[in-house]
Each structure stands twice: as C-alpha cells, then as structure tokens.
Amino acid sequence: MGKPTYNLHSHTFRCGHAFGQDYEYVEAAMKAGYKQLGFSDHVMLPGVTQEGIRGNYHQLGEYLSSVGFLKEHYADQIDIRIGFEAEWYGDRFADYYRYLLSRPDVEYLILGQHCFLGAENRMFWYTTLERPNRIDRYCDALIEGMESGLFTYVAHPDIYIRWNGAFDKRCEEIAHLIAKTAEKMHLPLELNCAPSRANPAYVFSEDTLSYPCPRFWDIVSQYKVDVVIGVDAHNPSDYELTYYDYFLAFAKKHHLHLLKESPLKK
C-alpha cells in the first residue's frame with residue numbers, strides 16, 4: 001500500500017494549541033496528495049471551558065460554518081468532511097454527541113481519550129491519578145466509548161502506555177482488551193503521527209513508550225482489526241513534515257491491516 005489518500009484527523013486554531021487558517025490545511029493536504037480531508041477539532045462542549053485544549057461552545061457554529069464553506073469551495077478538488085475528536089464521559093455528553101451526529105453538517109466523531117470529567121464539568125488529565133488507576137480509568141472510558149457505536153475510529157489508542165511509564169502486564173492486558181473490542185465493534189484503530197514530528201529519535205525505536213508503541217501494535221496484529229494512519233495535524237506544515245514512509249513500514253513490519261479506503265465513503 002502506498003501513502004494514504006485520506007486523513008480524518010486534523011485540528012484548527014480554535015482548540016488553542018493548533019496554528020494556521022482553515023483553508024491552509026486544505027491547501028497543504030492537497031499539495032501532499034490527499035483526496036479526502038476530515039476536520040476533527042476537539043469537540044466544543046456546552047458548559048465546559050478548557051482553554052488551550054478545546055474551543056469554547058460558542059465557537060461551534062463558526063467552526064461548522066467555516067469548514068462547511070471550504071467543503072463547498074473545494075468540492076471539485078478535494079473531499080472535505082466535518083467532524084470532531086471527542087472523549088467519552090459516560091452518559092454525560094452521549095446525548096449531545098447524538099445531537100451533533102444528527103445534524104446534516106456533522107459527519108463523524110473520532111474517539112480520542114485525553115481527559116476525564118470531574119464535578120461541575122471540570123476536566124482532569126489522567127496523569128493526575130496514581131498508577132495504575134490512571135490507565136485503568138482510561139481503559140474503562142475508552143472501551144465504553146468504543147461500544148457506544150458513536151465513533152468512526154479510535155485515535156491514538158496506545159497513548160496510555162507513556163502515561164504508565166512502562167509496558168507492563170497491565171498495559172498488555174489493556175492492549176488485548178482494546179484490540180478485542182475493536183474487532184467486535186468493527187472499529188478501526190489509528191496509528192497516530194503527531195509524536196514522531198516532535199521527537200522522531202524517541203518515537204522511532206522498538207523500545208519507545210510513545211505512540212505508536214510497537215508492543216501494543218504487535219498485540220493488535222493478533223486480531224482482525226483495521227488500521228488507519230492519522231496525521232493529527234495541528235499546523236498546515238504537518239502534512240509536509242509527517243514521516244509517511246516510516247508509518248507504512250511500521251504497519252508492514254507489525255502485520256497491520258491498513259485501510260486503503262477511508263472509513264467515510266462517498
């Protein structure tokens with residue numbers, strides 16, 4: 001398989017830690033040879049403020065309007081899709097996610113688990129918890145989200161390993177559980193490219209605890225699970241700077257089944 005022609009994982013400046021204008025992502029994706037680009041900014045949540053991580057709820061309409069305009073403007077050049085990257089917080093926002101997916105201008109959700117929700121809609125990083133509670137809690141939320149049927153695929157499912165500081169027996173058990181659930185739900189898992197752009201020397205190692213973690217994906221290969229490559233773009237230049245050859249070789253080396261076509265068909 002050659003370089004992917006679709007990417008469903010791309011952010012915008014609204015999340016507070018991405019840069020560039022929306023149209024610049026489109027232009028960069030086309031220059032890199034993509035035929036389909038999915039915008040999936042961190043979901044804006046009613047009643048939740050998380051500066052620097054996700055846009056505030058009042059930005060929802062403007063995000064959908066801006067990407068919707070680009071979808072029409074570039075329709076004869078690239079297939080633009082509109083979605084969100086979202087965490088699973090039990091039932092607290094499940095109805096809201098269903099509402100988003102019922103809208104004609106929202107096409108998909110990616111499950112990307114970063115934080116958990118405390119009292120009064122306060123966000124907390126999993127690393128604020130003691131080991132191994134942090135990865136157990138991540139696992140519980142991720143599996144529930146996967147089984148909800150609301151998501152198109154799972155972003156960086158192996159992110160929990162670096163939070164643990166070691167690939168131990170519990171990490172292995174969680175990897176099996178994630179892969180088994182993905183197989184059961186026919187839900188693709190993502191090879192995420194973002195850390196490799198920041199620190200390739202650390203990521204491009206068989207012993208890395210960053211993602212993609214080789215030991216995690218060796219377990220995934222034991223199951224019938226589809227895999228996608230996610231650029232996880234936070235800057236238009238990320239389309240140029242991503243090490244595509246590495247990820248294609250990684251997938252081949254670890255016997256992963258890369259999806260040739262996007263999970264979002266025309």
Side-chain angles (χ1 to χ4, degrees), residues 2-46 53-87 93 95-112 149-156 187-188 190-194 226 228-242 244 258-266:
K3 177 181 166 183
T5 59
Y6 65 91
N7 172 51
L8 302 181
H9 198 164
S10 194
H11 294 278
T12 79
F13 67 89
R14 297 167 189 83
C15 69
H17 60 280
F19 306 90
Q21 297 302 308
D22 298 345
Y23 79 91
E24 293 178 302
Y25 286 84
V26 179
E27 296 283 352
M30 289 193 298
K31 184 177 179 180
Y34 283 93
K35 304 301 182 185
Q36 184 185 79
L37 167 61
F39 281 93
S40 54
D41 212 357
H42 293 280
V43 67
M44 299 83 170
L45 298 169
I53 303 301
R54 73 183 71 247
N56 289 329
Y57 183 62
H58 69 80
Q59 295 176 287
L60 174 67
E62 190 272 332
Y63 167 70
L64 296 175
S65 176
S66 173
V67 180
F69 169 79
L70 296 176
K71 182 182 178 74
E72 293 185 10
H73 182 74
Y74 288 95
D76 61 344
Q77 299 176 68
I78 188 171
D79 177 25
I80 295 178
R81 300 302 183 96
I82 308 174
F84 295 94
E85 182 181 13
E87 287 86 1
F93 286 103
D95 286 341
Y96 173 62
Y97 291 166
R98 293 186 185 97
Y99 156 72
L100 289 177
L101 289 171
S102 73
R103 294 178 56 124
D105 51 359
V106 177
E107 300 171 89
Y108 70 103
L109 299 177
I110 291 174
L111 178 60
L150 297 177
F151 298 93
T152 294
Y153 78 70
V154 182
H156 45 63
L187 194 62
E190 179 199 69
L191 283 175
N192 187 282
C193 303
D226 290 328
V228 301
I229 294 176
V231 175
D232 197 357
H234 287 77
N235 192 308
S237 64
D238 289 343
Y239 284 97
E240 178 184 357
L241 299 176
T242 293
Y244 297 105
L258 282 180
L259 277 180
K260 294 181 180 180
E261 297 183 1
S262 168
L264 296 180
K265 303 290 194 304
K266 280 196 174 183

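Nothing here was measured: the structure is a model prediction, and the numbers come from that model. Note that these values count all heavy atoms, side chains included, but never hydrogens, waters or copies made by symmetry.
Across all non-hydrogen atoms, the minimal contact from Glu107 to Ile80 is OE2-O, 4.1 Å. Taking both residues in full, the closest heavy atoms of Leu150 and Arg98 are given as CD2-CG, 3.9 Å, listed atom of the first, atom of the second, then distance. Closest approach of Pro236 to Gly20, counting heavy atoms only: CD-CA, 4.2 Å. Nearest heavy-atom pair, Tyr6 versus Leu259, reported as atom, atom and distance to 0.1 Å: OH-O, 2.8 Å.
Rounding to the nearest 0.5 Å places CD1 of Ile110 at 11.0 Å from CG of Asp41. Rounded to the nearest 0.5 Å, atoms CD (Glu190) and CG (Asp226) are 14.0 Å apart. With rounding to the nearest 0.5 Å, the separation of CD1 in Ile78 from CD in Gln36 is 8.5 Å. With rounding to the nearest 0.5 Å, the separation of CG in Leu191 from CG in Leu258 is 6.5 Å. Atom CD of Glu85 and atom OH of Tyr153 lie 8.0 Å apart (nearest 0.5 Å). Atom OG of Ser262 sits about 7.5 Å away from atom CG of Asp79, to the nearest 0.5 Å.
Counting heavy atoms from C-beta outward, Cys193 and Asp232 have side chains that stay 4.5 Å or more apart. Counting heavy atoms from C-beta on, the side chains of Lys71 and Arg81 come closer than 4.5 Å. Side-chain contact between Pro188 and Val154 is absent, with no heavy atoms from C-beta onward closer than 4.5 Å. Annotation: side chain of Cys15 is not in contact with side chain of Thr12 (no heavy-atom distance under 4.5 Å). Residues Leu264 and Thr152 are in side-chain contact: their nearest non-hydrogen atoms beyond the backbone lie under 4.5 Å apart. The shortest side-chain heavy-atom distance between Tyr23 and Ser66 does not fall under the 4.5 Å cut-off. Contact of the Val43 side chain with the Leu100 side chain is registered, since non-hydrogen atoms from C-beta on lie closer than 4.5 Å. Under the 4.5 Å side-chain criterion, counting only non-hydrogen atoms from C-beta, His17 is in contact with His234.
Ion pairing of Glu261 with Lys35 is absent here, as no side-chain N (NZ or NE/NH1/NH2) approaches a carboxylate O to less than 4.0 Å.
His9 and His156 have tilted rings, their planes meeting at an angle from 30° to 60° on a 0 to 90° scale.
Judged as a side-chain contact (heavy atoms from CB on, under 4.5 Å), and not counting sequence neighbours, the contacts of Asp105 are Leu64, Arg103. In terms of the salt bridge (charged side-chain N to carboxylate O under 4.0 Å, His left out) criterion, residue partners of Asp238 (sequence neighbours excluded) are, by chain and number, Arg197. For His73, the ring-ring contact (aromatic ring centres under 6.0 Å, His included) partners are Phe69, not counting sequence neighbours. By the side chain to side chain donor-acceptor pair (under 3.5 Å) test, Glu62 is found to be paired with Arg14, residues two or more places apart in sequence or in another chain being considered. Listed by chain and residue number, nothing satisfies the side chain to side chain donor-acceptor pair (under 3.5 Å) test with Asp76 (two or more places apart in sequence, or in another chain). Taking Tyr74 as the reference, nothing meets the ring-ring contact (aromatic ring centres under 6.0 Å, His included) condition, with sequence neighbours excluded.
A distance-only check finds no donor-acceptor pair linking the side chain of Thr5 to the backbone of Tyr34 [under 3.5 Å]. With Tyr244 contributing its side chain and Tyr239 its backbone, the two residues share a donor-acceptor pair below 3.5 Å. With hydrogens and angles disregarded, a donor-acceptor distance shorter than 3.5 Å links the side chain of Lys3 to the backbone of Ala32. With hydrogens and angles ignored, the 3.5 Å screen pairs a side-chain donor or acceptor of Tyr25 with a backbone N or O of Asn235. Panel note: side chain Tyr108, backbone Leu8; a donor-acceptor pair is recorded below 3.5 Å.
Donor-acceptor pairing under 3.5 Å is lacking for the side chains of Glu87 and His42.
Results of the ring pair (Phe, Tyr, Trp, His ring centres under 6.0 Å) test with Tyr63 over Tyr57, Phe39, Phe13, Phe84 single out Phe84 as the only residue that passes.
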* Asked: Between Met44 and Arg54, does a side chain to side chain contact (heavy atoms under 4.5 Å, CB included) hold up when you go through it step by step?
  -> CA-CA 6 Å; Met44 299 83 170; Arg54 73 183 71 247; over 6 Å; no

